[in-house]
Structures are given as structure tokens and as C-alpha cells.
Amino acid sequence: MTSLKPGAIAPADHRTPSLRAAASAAVALARPRQWVKNVAVLLPFLDPQVWDRATVAGPVLAVAAFMLASSLVYAVNDIADRERDRHHPVKRHRPLASGALSVRQAALVAIACAVGSAALAVAAAPGLLIPIGVYVALNFAYSRKLRDVPVLELFAVAAGFPLRALAGYLMLGTAPASLIVLATLFVSLLLVLGKRRREIVVAGTAHRAALRGYTASMLEHFISIAGGLATATFLLFALRGPHATEAEGPQAMLVVPLLLMALFRYLQRLELRGGDGDPTRLLLRDPVLLAIGASCLACLAATELIDLSDMYGPSD
């Protein structure tokens, strides 16, 4: 054992991080906080016509497959962007940029996520490989080129949620309801637009190339269009059902005002206390938005249960 002279500085310890530290960094690389987005795979369950097709295992496997697919995207993007992230005030703390995880370890995480996602998709429904493959390819294209192209980058990001909804329909083996898929797209666009506007207001356009193609007032117009389309689509859904086949007036009177309230609350929070504009963080940390969302789900569930009881209940 080498002894040190008094006052000497011990050499830095370059040993491999402990297994626990590496595991913690691998979990951070997978971004578990973002997994809540994959619940969008369950959006088809807003349509009562698919309830009799559902099993317990199918939805769970489908959501898990998209969780791993999203983690694959995060891992590959972090590998590619590690040098750039080291110069970012927030992203420099990510596992690769900070050195908590090596490129080789991150690559192993990405491979595990890819294999796991494919296996879960096949177990749930082989058709899930299509929307998952499109989602992964679109995200890789976004990271390499599309994120620098104004407008295209908005739709590339927003497409993730409709793809999840389509995956849910494929998992159930039923035709997608266009109103649900379109409403999902419009709401996704609204969230992305709100985040972009917040970025311009708070940090300007220097940190993201695509932002140079927008102005705050332009994005406000886009937000108005997306918000109007989302509201109109939800109104059609509430009035005439997911397949627009029959009237559902009482449901509209209950749900549409709540949806408008949620839309206004989101925009109000984004404008006054939006932070970095991250919609996931903003939505999950606002108790009013969470309460409105729970109320919407309760109204939809109560209405559909009443419809089912009328359909299958005793007749004269």
C-alpha cells in the first residue's frame, strides 16, 4: 500500500461507478417521469364499443411496449447529443453528459429497450410494431434534422400521441375512431405550441434553431387554431359519440365545459407560471388541471355506464 507524504493530495479515484449508481443512471436515462405520456395508448377506451374486446394483459403490454420505445429514443438521442448537452445548464446533469453513464452502458440500455419493446408489442398484438416503428423512426428523424425545420418539427413531436392512440386500436383489433385520433393530434399540437411560445418568451430563439422561424404572435395564432380545432373535435365527440353516429346531448353539456375550462387553465398557467414550458410537468403539478381531468373521466364513465345499462338492462 502506497503511503502519502504529509500535505500531499490523494490521486483521483477513477474506479468504475458502483452497480447501484450505474443502475440509477440507467433509470434516469430512460426518463421514467415521461412514461405517463404512454397512457395515451388507452385513449380508445373512451369508445364504449371497444370495451368488450379488452383484456387485462393487452393494454398493460401495449403501454409497456411504448414506454420502452420512448426510453429507446431518449437513450439514443442522449448518446448523439452528449457533447452538446455538456454545455447546457440543465441537460449537463443527464447521465451521459455528466459522465455517470458511459456510451457503452447507454448503448446496452438502448438495446435492452428495443428488444423489450418489440417483445411486448408482439405479445400484445404484432400490429403494434407498425406504430411503434413509425414513432421511433420519426423521433430519430426529428433528432437528426426535423427539429431544425419550423412547422415540420411541431407535427413531428405532436404525432407521438396519435400514434399511441392508433396503437391502442391495433391492440384491440378494431377500427380507429377518427374523432378520438384527431382530437388527440390537435391537443398534442396545442401542448407543443404552448411549449415553443414559452421558450421564445423566456429564453429567446438562440437555443433552438427552429425557433428562429417563429414569433410569439405567430405562435399565438397557431395556438388559437389548434385550440379551436381541439374544442370543435371534442364537441363533435361529446355530441355524437366517437364514431359520430348518434346524439349524446347530456354528455356534451357536462364534458365540453370541463374541456374548455382545462384548455383555458392550461393556457393561463403557461402564460403566468409556465416555467420551461414542459407540458408534462405543468399538467401533472397543477391540482386544478388534475381535478378537471378526473371530472371529465368521471362524466364520460358515468354516461357510458348509463348507456350500457340501458342497452343491456331488462326490457318490458
Answer with yes or no whether the hydrophobic clustering places [X] together with [Y]; edges join I, L, V, M, F, W, Y residues whose side-chain heavy atoms lie under 4.5 Å apart.
X      : Y      : result
Phe161 : Val73  : no
Leu72  : Leu68  : no
Val192 : Phe222 : yes
Ile223 : Leu154 : yes
Met67  : Val109 : no

If you look only at pairs with a residue in residues 108-117, which of them pass as a salt bridge (charged side-chain N to carboxylate O under 4.0 Å, His left out), with sequence neighbours excluded?
->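 Checked against salt bridge (charged side-chain N to carboxylate O under 4.0 Å, His left out) - neighbours excluded - no pair reaches residues 108-117.
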Applying side-chain contact (heavy atoms from CB on, under 4.5 Å), name anything that partners [X], two or more places apart in sequence or on another chain.
X      : answer
Ser102 : Arg104, Gln105
Ala28  : Pro95
Thr174 : Val50, Arg53, Tyr169, Leu172
Leu229 : Phe186, Ile225

With the side chain counted from C-beta on, respond yes when Arg31 and Asp78 share a heavy-atom pair under 4.5 Å apart, and no when they do not.
->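 The answer is yes, as the side chains (C-beta and beyond) meet within the 4.5 Å cut-off.
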Answer whether the closest heavy-atom distance between the side chains of Leu29 and Tyr74 falls below 4.5 Å.
->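 No, every pair of side-chain atoms sits at 4.5 Å or beyond.
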Are the side chain of Tyr214 and the backbone of Val151 linked by a donor-acceptor contact shorter than 3.5 Å?
->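 Judged by distance alone, yes, a pair lies under 3.5 Å.
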Taking Thr233 for its side chain and Ala183 for its backbone only, find out whether a donor-acceptor pair lies under 3.5 Å.
->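 Judged by distance alone, no pair lies under 3.5 Å.
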So, using salt bridge (charged side-chain N to carboxylate O under 4.0 Å, His left out) as the criterion, who are the partners of [X] when residues are at least two apart?
X     : result
Arg92 : none
Asp81 : Arg144, Arg147
Arg82 : none

Pairs where residues 101-120 contributes a residue and the test ring pair (Phe, Tyr, Trp, His ring centres under 6.0 Å) is met, not counting sequence neighbours =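 Applying ring pair (Phe, Tyr, Trp, His ring centres under 6.0 Å) to every pair that reaches into residues 101-120, excluding sequence neighbours, yields nothing.
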Could you identify which residues cluster with Leu108, counting Ile, Leu, Val, Met, Phe, Trp and Tyr as linked when any side-chain heavy atoms lie under 4.5 Å apart, either directly or through a chain of such contacts?
->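 Members other than Leu108 - counting any ILVMFWY side chain reachable under 4.5 Å - there are none.
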For [X] and [Y], which heavy atoms make the closest approach, and how far apart are they?
X      : Y      : answer
Thr215 : Ile200 : C-CD1, 4.3 Å
Ser71  : Trp35  : OG-NE1, 2.9 Å
Pro176 : Leu166 : CB-CD2, 3.8 Å
Ala106 : Ala75  : O-CB, 4.3 Å
Val76  : Ala110 : CG2-CB, 4.1 Å
Gly227 : Leu190 : N-CD1, 4.1 Å

Partners of Ser143 by side-chain hydrogen bond (donor to acceptor under 3.5 Å, both in side chains), sequence neighbours excluded?
->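 So Ser143 forms a side-chain hydrogen bond (donor to acceptor under 3.5 Å, both in side chains) with Asn77.
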With a cut-off of 6.0 Å (strictly less than), are more than 12 heavy atoms of other residues, nucleotides or ligands near CZ of Phe155?
->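 Not more than 12 within 6.0 Å, no.
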Under 3.5 Å, sequence neighbours excluded: what are the donor-acceptor pairs made by side chains of residues 112-141?
unit_1, atom_1, unit_2, atom_2, d
Ser117, OG, Ala65, O, 2.8
Tyr135, OH, Arg164, NH2, 3.4
Asn139, ND2, Tyr135, O, 2.8

Could you point out which residue of Arg196, Arg198, Lys195, Glu199 forms a side-chain contact (heavy atoms from CB on, under 4.5 Å) with Leu219?
->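 Checked Arg196, Arg198, Lys195, Glu199 against Leu219; only one passes side-chain contact (heavy atoms from CB on, under 4.5 Å): Arg196.
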Distance, nearest 0.5 Å, that separates CZ of Arg212 from CG of Asp148 |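 Answer rounded to 0.5 Å: 8.5 Å.
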